[in-house]
Every structure is written in C-alpha cells, then in structure tokens.
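The structure that follows is given in the form of structure tokens.
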Amino acid sequence: MRLDQFIATTSPLSRKEAKRAIHAGKVEVNGEFWKETGKHLPANAQVLLEGEQLILQGERYLMLNKPAGIVSATQDSEHPIALDLLPAELTEVARNLHIAGRLDADTTGLLLLTTDGKWSHKVTSPKRECPKTYRVNLSTPVLDSTINALEAGVVLHQDPKPTKPAQVKVLEPQLIELTISEGRYHQVKRMLAAAGNHVEALHRHSIGGIVLDSALQPGDYRELSEKEIASIG
Ligand code: URA
C-alpha cells in the first residue's frame with residue numbers, strides 16, 4: 001500500500017492531510033523519516049505519525065441497537081442517520097462502513113454495519129436466504145388464518161410473487177415473532193397487511209446467528225465477535 005493511502009486509512013487524516021504530514025517530516029517508517037507520499041510500504045512496516053504507531057485494522061463488523069427515528073442510510077440531509085450514532089474516530093477510519101440490511105426509520109433493533117462488502121452481501125442477498133427474526137406488535141390479536149397465511153406465503157400489494165414461507169411464534173395475542181429469509185421493501189409490514197392485520201411496532205431481534213445484545217441500550221453499538229461474524233455463512 002502507498003504511504004499516503006496507509007495514513008489516510010489508519011488515522012483521522014484525509015489523503016491530502018496525509019501527504020502534507022509526510023512532506024512535513026512527521027511520518028517515520030521502520031525508524032526512518034519518509035518524505036515520498038507515493039512510496040509503497042514493505043510488509044509489516046512500522047509506521048509512526050508524530051511518534052504514534054498506526055495500525056492497519058482489518059475489516060470492521062458492528063451491531064447497533066437502532067432507536068426509532070434513525071434512518072438506515074449512510075447519507076441523509078434531513079434526518080439523523082445510523083452512522084451519526086457511532087464515534088467520529090470510527091467512521092473516519094472505517095470510511096466504507098455500510099449497513100448490511102436496512103430497517104425502516106420507525107423500526108428498532110438489530111442493525112449490522114461493516115466495511116466488508118462480501119459479508120454484507122451474504123446477509124442481504126435473497127439467494128443466501130439469511131433468516132431475520134422480528135418482534136411484531138399487532139393492532140389486533142393474531143388469528144390462526146393470519147399465522148397460516150404467513151407460514152404458507154402471502155402475495156404483497158403490487159408484487160405478484162408470493163413471499164417465501166415464514167416462521168411464526170405467538171408470544172402474546174398481539175405480539176408475534178416472525179422469521180423471514182427475504183428482504184423486500186417494507187416486507188414485514190406488507191406481509192401483515194396482506195394477512196389481515198397491521199403492524200403497530202417492529203423490532204429486529206436477530207439476523208442469522210447474531211442476536212441483538214440485550215446489554216446494548218438503544219443507540220449503543222459494539223464490535224461483533226469472531227463467532228458472530230463467522231455465523232453468517
Ligand atoms: N420489514 C419492514 O416492514 N420494515 C423493516 O424495517 C424491516 C422489515
């Protein structure tokens with residue numbers, strides 16, 4: 001990797017600021033000051049910026065407990081976005097952090113963020129059928145006919161292809177756990193509408209083997225464990 005690129009990736013500096021820092025003699029590589037911005041680093045080089053060692057982190061994988069009112073986007077000029085909830089040091093270093101599986105603004109719960117495009121594809125690609133489990137508060141008690149329809153697959157408004165069979169667990173008369181393996185637009189809300197009920201509140205509990213950490217307050221995040229990352233296959 002080029003020296004200026006390495007510095008822009010591992011420190012809060014932009015590429016332009018990294019170049020300036022190199023020219024200003026603030027960057028040391030394996031004990032020598034380097035002044036050439038485009039020089040390629042040898043493997044396992046020790047790079048210091050103003051005496052502080054810079055470490056190249058691997059890909060990043062986070063879970064966030066998304067509160068209501070936050071938009072699942074990486075840019076929005078009008079509304080607060082999920083990335084606003086993360087510390088600036090993190091979003092500056094992990095610039096290609098993106099959301100793996102969006103939620104509506106009023107949906108709460110498990111949101112995954114990563115820099116790893118291949119991994120997020122495994123979460124979101126319909127071909128992978130990665131299961132997502134939602135807690136769904138309903139406006140009226142759930143009927144057997146609604147459960148049967150959800151489990152068989154329903155036809156959504158303006159979408160002729162029926163949904164894949166879902167799993168339903170009734171927790172309370174007006175609270176169900178619904179597991180789906182697709183990610184169509186507003187899918188859960190539209191499924192319940194098609195099956196004769198209405199979603200009052202929606203919360204994502206898990207994605208594949210990753211369960212929202214109950215220690216995370218709304219708005220909090222943590223890094224995923226190796227085991228959680230590997231559970232998305
Ligand atoms: N289905 C919805 O309708 N909304 C979400 O946010 C997620 C799934």
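Remember, it's 1-based here, ligands and their atoms both numbered in the order they're listed.
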| request: Tell me which part of Val188 gets within contact of ligand 1: side chain, backbone, both or neither, using heavy atoms under 4.0 Å. | output: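 For Val188, backbone and side-chain atoms both sit under 4.0 Å from ligand 1.
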| message | With heavy-atom distances below 4.5 Å as the criterion, would you say the side chains of Leu103 and Tyr134 are in contact? | response |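 Touching, per the 4.5 Å side-chain cut-off.
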| request: Check whether any heavy atom of Tyr185 sits under 4.0 Å from an atom of ligand 1. | output: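 It does not; every heavy atom stays at 4.0 Å or beyond.
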| task | Examine Leu202 against ligand 1 and note whether any of their N/O atoms are separated by less than 3.5 Å. | result |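 No, Leu202 has no N/O under 3.5 Å of an N/O on ligand 1.
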| field | Contact check, side chains of Arg204 and Leu212, non-hydrogen atoms, under 4.5 Å | value |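 No - every pair of side-chain heavy atoms lies 4.5 Å or more apart.
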| task | Would you check if Trp119 and Leu112 make a side-chain contact, meaning some heavy-atom pair closer than 4.5 Å? | result |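 Yes, close enough: below the 4.5 Å cut-off.
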| said: Using a 3.5 Å cut-off on N or O atoms only, is Asp104 in polar contact with ligand 1? | reply: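 Looking only at distances, the answer is yes, because the N/O contact criterion of under 3.5 Å is met.
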| Carboxylate-amine/guanidinium proximity below 4.0 Å for Arg222 and Glu228 |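 Looking at Arg222 and Glu228, the cut-off is met.
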| field | Proximal ligand 1 atoms for His186, defined as those under 4.0 Å from one of its heavy atoms | value |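 In order of number, 1 (N), 2 (C), 3 (O).
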| Pairing residues for Asp76 by the side-chain hydrogen bond (donor to acceptor under 3.5 Å, both in side chains) criterion, not counting sequence neighbours |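 His79.
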| By number and element, which atoms of ligand 1 are closer than 4.0 Å to a non-hydrogen atom of Thr107? |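 Ligand 1 atoms under the 4.0 Å threshold to Thr107: 4 (N), 5 (C), 6 (O).
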| task | Please examine the side chains of Leu143 and Asn197, heavy atoms only from C-beta on, and report whether any two atoms are closer than 4.5 Å. | result |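 Sidechains of Leu143 and Asn197: no contact.
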| said: Side chain or backbone, does Tyr134 bring an N or O within less than 3.5 Å of an N or O on ligand 1? | reply: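 So ligand 1 has no N or O lying under 3.5 Å from an N or O of Tyr134.
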| Min N/O separation Lys189 to ligand 1 under 3.5 Å |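 Among all N and O atoms of Lys189, at least one is under 3.5 Å from an N or O of ligand 1.
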